[in-house]
**Student:** 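Provided herewith is a single structure, encoded as structure tokens, for subsequent inquiry.
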Amino acid sequence: MAETLGKALNLGLRRALESDDRVVIMGEDVGKLGGVFRITDGLQKDFGEQRVIDTPLAESGIIGTAIGLAIRGYRPVCEIQFDGFVYPAYDQIVSQLAKMYYRSQGNVRVPVVVRIPFGGGIGAVEHHSESPEAYFAHTAGLKVVACSNPNDAYWMIQQAISGDDPVIFLEPKRRYWEKGEVSFDASPIPLFSSQVVRQGTDVTVVAYGPMVRTALDAATAAAEDGRSIEVIDLRTLSPLDLGPVYESVRRTGRCVVVHEAPSHVSLSSELAARVTEQCFYSLEAPVLRVTGFDTPYPPARVEEEYLPDLDRVLDAVDRTFGF
Amino acid sequence: MAETLGKALNLGLRRALESDDRVVIMGEDVGKLGGVFRITDGLQKDFGEQRVIDTPLAESGIIGTAIGLAIRGYRPVCEIQFDGFVYPAYDQIVSQLAKMYYRSQGNVRVPVVVRIPFGGGIGAVEHHSESPEAYFAHTAGLKVVACSNPNDAYWMIQQAISGDDPVIFLEPKRRYWEKGEVSFDASPIPLFSSQVVRQGTDVTVVAYGPMVRTALDAATAAAEDGRSIEVIDLRTLSPLDLGPVYESVRRTGRCVVVHEAPSHVSLSSELAARVTEQCFYSLEAPVLRVTGFDTPYPPARVEEEYLPDLDRVLDAVDRTFGF
Amino acid sequence: MTNGDRIPPDPEFVQLLDPDGERVEHPDYSVEFTPDEYRGLYRDLVIIRKLDAEATALQRQGELGIWASLLGQEAAQVGAGRALRPQDMAFPTYREHGILHCRGIDPIMPLGLFRGVDQGAWDSQKHKVHMYTIVIGAQTLHATGYAMGITMDGKVGTEDGEAVIAFFGDGATAQGDVNESFVWASVFNAPVVFFCQNNQYAISEPLERQTRVPLFKRASGFGFPGIRVDGNDVLATYAVTKQALDNARLGQGPTMVEAYTYRMGAHTTSDDPTRYRAGSEVEAWRDKDPIKRMRIFLTKAGIADDDFFTQVDDDAAKQAVELRERVLALPDPGPLSIFDNVYPGGSPLLDEQRAQQERYLASFEGGH
Amino acid sequence: MTNGDRIPPDPEFVQLLDPDGERVEHPDYSVEFTPDEYRGLYRDLVIIRKLDAEATALQRQGELGIWASLLGQEAAQVGAGRALRPQDMAFPTYREHGILHCRGIDPIMPLGLFRGVDQGAWDSQKHKVHMYTIVIGAQTLHATGYAMGITMDGKVGTEDGEAVIAFFGDGATAQGDVNESFVWASVFNAPVVFFCQNNQYAISEPLERQTRVPLFKRASGFGFPGIRVDGNDVLATYAVTKQALDNARLGQGPTMVEAYTYRMGAHTTSDDPTRYRAGSEVEAWRDKDPIKRMRIFLTKAGIADDDFFTQVDDDAAKQAVELRERVLALPDPGPLSIFDNVYPGGSPLLDEQRAQQERYLASFEGGH
Ligand SMILES: Cc1ncc(C[n+]2csc(CCOP(=O)(O)OP(=O)(O)O)c2C)c(N)n1
Ligand SMILES: Cc1ncc(C[n+]2csc(CCOP(=O)(O)OP(=O)(O)O)c2C)c(N)n1
Ligand SMILES: [Mg+2]
Ligand SMILES: [Mg+2]
């Protein structure tokens, strides 16, 4: 069935609530309003105020109490309203949530999922278009995933909730309204795995979240020029699942990594470093990176200049052939 | 004159307080106690309670009020007691301090320096041995520096304070008690520059903060085996000053990056990515990384297993010759 | 849950002008305005409401990305804004368009942020209004630090001392930062007024999600006075805020003012309040409208007549048209502007990125 | 600034046993202990002081990395700890060794953290004491969330309902997290007792750096009761905490208890309090010693005699020796243990790192 990514998440959350009564959803405006993006639409109505909890307006409080609920045996799914508002909860996430299992030598599990709509491209005001994934991926003890399409959204959210790891679950907000096929019965591939989403032979383009669509569009455009791009959807940012990337790069000899976040000390740095180390003799060109610039996110009317797009991806692909 | 790194910082702060009466120092226990590491020892006594301000116990409050003071025209130097306690201030640092100049189109300057003793190796309990530099280096709008020796400590802290950029100033706490020559009159090299601290011809080892000493020790040991290591002290982590690194790697053809922080999405990822891109045809081996593991910082009695040391650096150096 | 009057105005609720336009007395607060000043306040209320409506219309027509309307909160803002003295400094949220108006800031200014051409670009030093802050509560610490600086500058303790006002909403009271700012202000006896516009909602969350007691009571636990005022009463809000600011400038430390009001519109133009509150609740508040009561009062007191009211409406309409034209004419920022003003001290890394991007953009012009 | 009695105990300060060992009456609080129970409390106080002293000695001898002593705070901890019922859950800071004792946790447990062999490893579900939390204030939110879970589980509202106690210090009251936990607890009417040991200092910072009014007053601004008790009086602390816990378990929501006490020693063994407080202040507090007053009371009341006191001292000394031996015998964690328990679900990346490190370590054994 074709669903929007947002609706697929909603359905995934609904199924998680149905299948385990320890699952609770919490956050600002998630109840009656159904969240500012309506991802939790209708859930409070159907599951009640104890399963879908409208919280006070404080992110540290949301994550901190979610940890307490998890210690009590619940499985909280927290919504952070926008990427730029997760930072007040940073201490609870990196010092508490990420480390509890380690510090307790495995005694205390805190299966908390933190949902964050992330990325730009929706014409929003400041703090509403951030890509904070590097901050979490660098943090040992957290797992970080990003979905890019409705089918993954539906399945990945359920997998994140049913596992015991604390998971930062990144949702490509500008793709909430894009439709795609969801197979409700097919059993999904494992959560922490990458996937080749388009096969190709000349160059490997690696992306995640909102940029997967961009990479696929670039591949389509390039095909018209007779250039064959393989596109890999990372899906998991921590830990990385680089097997498919290495395999691909060893075939293509060229690699471009795409994300919206600034480049300095980012996921693309890590990919470039690891792909180079593992495919040193296969690379015909250095791994190139197409990313946001190392500036704060700019005003909406100029965000298209900041965000990687089809042209910038193709330009980098071209440059890998210039070496 | 030979001073410890801690004392050199104290002298640098004193000189900053003397030379500009808008400079104020603030933080937990910085007054009478002189800070838990005594870096601000004697300063409140000599400059008064309005210049050296003991604050309530809340890091967001420290940075948030420092921003307000900066808007008022002051130049606050905030002490965060230990690396692991900076996270409650994360929002104020990444969303406010880092972005104020940009958001205001240059109208509002917030020359705040955030001093953070960082890194492990002192046998401390949890949260006292963290290396959070990647979290800040990834943040556009912040500058991030790390000193490694008394002379740099003395000069860099003054340079950080006198400039108008918000600076995260990382102090290698385990080196606080190590002595080194401080030239009080020599004019220092620019703050945001890297420096070759030992010349060599076979391999380039890049480090910063506490690991510079480790890299130098490795170079000494390697020299006995007839291997010549060039050591570069990065000093600035954002922006990076990679000219000296590129120049060196183009000569040596080999590069090892060392830091205590976990490797995933870290400074060493960035260095590996950039060095590879810029020195693609000079590299005889991939850039190798010697770092903390991707685990939370372990208990003190086993921290030596976690931290890069001379042997691990030499092992990586060896491995660059195995390609 | 809906949010009419269930957390009722306290006995301590300060009111000088009731919803029916009757002047009422209060033992501790009063105002003495000249007729001109009274008319000026009315004018302020009408103009900011009109400009706000124009901005909402602009958003509907796609000319703004989003708009945060102040509808219903005009009296709270004009009362506070006019209570400020020239030397005072204000730290707003994203909804204080009325404060900007009172500080003489060109009404085009806040629209840049909502149109997406800038992120708040007025001269904050000159107008003594800091830029808008969207991250809930963060500005209360900035305000407190700034106020500490006033004390350090010795600009407190006299009649013409300086004071600071920090704006925030009912929802913001839950944030750590706001509570930390209370700690700091109290401990350092900072000359700051915490002005909370309790408009009963934080987006969809009613007041009960943030507190179970009236918000102004929060202050006493931190060691400074809190007071609730009828935020739809411009006279009372003025009187209470002025006294709080004067106390601050005289060195008597912080005060929290809770302006009890109501957000008549949506949270922002992206919001749909019908999902979470009853129309009847909104109607009940319409009776307490801040402009209506001023108009009745001015009429009854013979301070203004229909000619005046018509004139004000005309002026407001004219300003709205002007504003619209100027918004439409706002230039988009240039493509390389994204690299401007990242660091006062510059950055070679960024210079490189800018140069690269410049070359990249130029490659299109030549026919890519 | 020093911190004797300058923020004076309020009239509301609850005391049942004065510094001279006199039983005093309080209109709202009383205790009824059997002689055995009285003696048990005394025993608790002496044992935790002795074990604490032993830990301090171990640190001095280099056997612990650091130690956070509870000296002076024994009554606060035993009073609170003994007021807990088996079903209750506690969230400590890093100083609640006395709470662990009352919960029957092996005294070796907290020492692992301070020796550096682990990061807190007791079975927190079994003993119903969460691990130590060093990041100031963070645990108060965990406690509140846990308490919300009690309500959701329907385990509140009856005499044998469950309650939670969250420990924190005077310094912690400045942290955003603690204030947010007050908001949450209040709004969700969570069955949690906020137990603040006001020991007058946060490292070197005296109470005046965190507040200008008594701390217990903070609670009322959030809509729940706050009460100050003589934290050096084990009877009063017990009575007040028990009632607060019972209120919580009965569904009456949160209470803040401020146990007014004094940190007699250094903040930790790394600290040098002579830099920031006068010896005379410490001396003045010595007169209020929690053990001394119990001993006088028990003697006068004929509940215990010198034989008993000697026996308790001997037992404590024996336990201290045992503890020492066991600390010295604590094995260091194995080199590869750093890779254990990072993720319940495991991580291939880490498996790789562990395997690499294992090979690397093995290379030395073979003669590198
Ligand atoms: C830290 C943070 N979290 C969430 C948001 C999203 N958000 C924007 S406004 C708002 C509600 C604010 O309510 P209130 O403080 O009452 O102010 P009001 O909008 O009613 O004036 C929320 C949750 C934000 N801007 N910042
Ligand atoms: C977030 C954070 N900031 C700073 C510290 C360093 N620190 C450890 S204990 C302490 C003082 C705590 O004082 P208080 O809350 O009164 O508890 P006490 O130690 O007196 O029992 C400080 C500042 C910390 N552990 N966590
Ligand atoms: Mg509101
Ligand atoms: Mg204390």
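Every value quoted in this text rests on a predicted model; they were computed, and no experiment measured them. In what follows, chains are A, B, ... by sequence order, proteins preceding strands, each numbered from 1.
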**Student:** Do you know which two heavy atoms are closest between D:Gly116 and B:Pro299, and how far apart they sit?
**Tutor:** O-CB, 3.2 Å
**Student:** I'd like to know if the side chain of B:Arg301 and the backbone of D:Pro333 have a donor-acceptor N/O pair within less than 3.5 Å.
**Tutor:** no
**Student:** Output the distance between atom CG (B:Asp54) and atom CD (D:Glu208), rounded to the nearest 0.5 Å.
**Tutor:** 12.0 Å
**Student:** Taking side chain as everything from C-beta outward and backbone as N, CA, C, O, which of these in D:Tyr132 sits under 4.5 Å from a heavy atom of chain B? Side chain, backbone, both or neither.
**Tutor:** backbone
**Student:** Between B:Asp41 and D:Arg275, does any side-chain N to carboxylate O distance fall below 4.0 Å?
**Tutor:** yes
**Student:** Taking side chain as everything from C-beta outward and backbone as N, CA, C, O, which of these in B:Tyr297 sits under 4.5 Å from a heavy atom of chain D? Side chain, backbone, both or neither.
**Tutor:** backbone
**Student:** Evaluate the side-chain proximity of D:Tyr360 to B:Asp311: yes if any heavy-atom separation is below 4.5 Å, no if none is.
**Tutor:** yes
**Student:** What is the minimum heavy-atom distance between B:Thr295 and D:Ile338, and which atoms define it?
**Tutor:** CG2-O, 3.5 Å
**Student:** Out of D:Val342, D:Ile66, D:Ile134, which one racks up the most heavy-atom pairs below 4.5 Å with chain B?
**Tutor:** D:Ile134
**Student:** Which value, rounded to the nearest 0.5 Å, describes the distance between D:Thr133 atom OG1 and B:His127 atom NE2?
**Tutor:** 7.0 Å
**Student:** Answer yes or no: is there a side-chain heavy-atom contact under 4.5 Å between D:Asp177 and B:Pro88?
**Tutor:** no
**Student:** Rounded to the nearest 0.5 Å, what separates atom CG in D:Leu336 from atom CD in B:Glu305?
**Tutor:** 7.5 Å
**Student:** What are the two closest heavy atoms between D:Gln175 and B:Glu59, and how far apart are they?
**Tutor:** NE2-OE1, 2.8 Å
**Student:** May I ask you to test the D:Arg209-B:Thr55 pair for a side-chain heavy-atom distance under 4.5 Å?
**Tutor:** no
**Student:** Side chain, backbone, both or neither: which part of D:Ile203 has a heavy atom under 4.5 Å from chain B?
**Tutor:** both
**Student:** Measuring only between side-chain heavy atoms, which start at C-beta, is D:Gln353 closer than 4.5 Å to B:Ser263?
**Tutor:** yes
**Student:** Measure distances from B:Phe85 to the heavy atoms of chain D and classify the residue's part below 4.5 Å as side chain, backbone, both or neither.
**Tutor:** side chain
**Student:** Mind listing the closest non-hydrogen atom pair of D:Phe114 and B:Val125 along with its distance?
**Tutor:** CA-CG1, 4.3 Å
**Student:** Does any backbone or side-chain atom of D:Arg354 lie under 4.5 Å from a heavy atom of chain B? Answer side chain, backbone, both or neither.
**Tutor:** neither
**Student:** What heavy-atom pair brings B:Leu33 and D:Asp272 nearest, and what distance separates the two atoms?
**Tutor:** CD1-O, 4.3 Å
**Student:** Which region of B:Arg38, side chain (C-beta onward) or backbone (N, CA, C, O), has a non-hydrogen atom less than 4.5 Å from a non-hydrogen atom of chain D, or is it both or neither?
**Tutor:** side chain
**Student:** Tell me, side chain or backbone of D:Leu113 under 4.5 Å from chain B's heavy atoms, or both, or neither?
**Tutor:** both
**Student:** Under a 4.5 Å cut-off applied to non-hydrogen side-chain atoms, are B:Glu126 and D:Val135 in contact?
**Tutor:** no
**Student:** Hey, which of B:Gly61, B:Ser60, B:Ala300 has the most heavy atom pairs under 4.5 Å with chain D?
**Tutor:** B:Ala300
**Student:** Who among D:Gly120, D:Ala138, D:Gly137, D:Gly171 has the most heavy-atom pairs with chain B under 4.5 Å?
**Tutor:** D:Gly171
**Student:** Find the distance between CZ (D:Phe339) and CG (B:Asp294) and round it off to the nearest 0.5 Å.
**Tutor:** 9.0 Å
**Student:** Main chain of B:Leu57, side chain of D:Gln210: is a donor-acceptor contact present, judged purely on distance under 3.5 Å?
**Tutor:** yes
**Student:** Taking all non-hydrogen atoms of both residues, which atom of D:Ser337 and which atom of B:Val302 are closest, and how far apart?
**Tutor:** OG-CG2, 4.4 Å
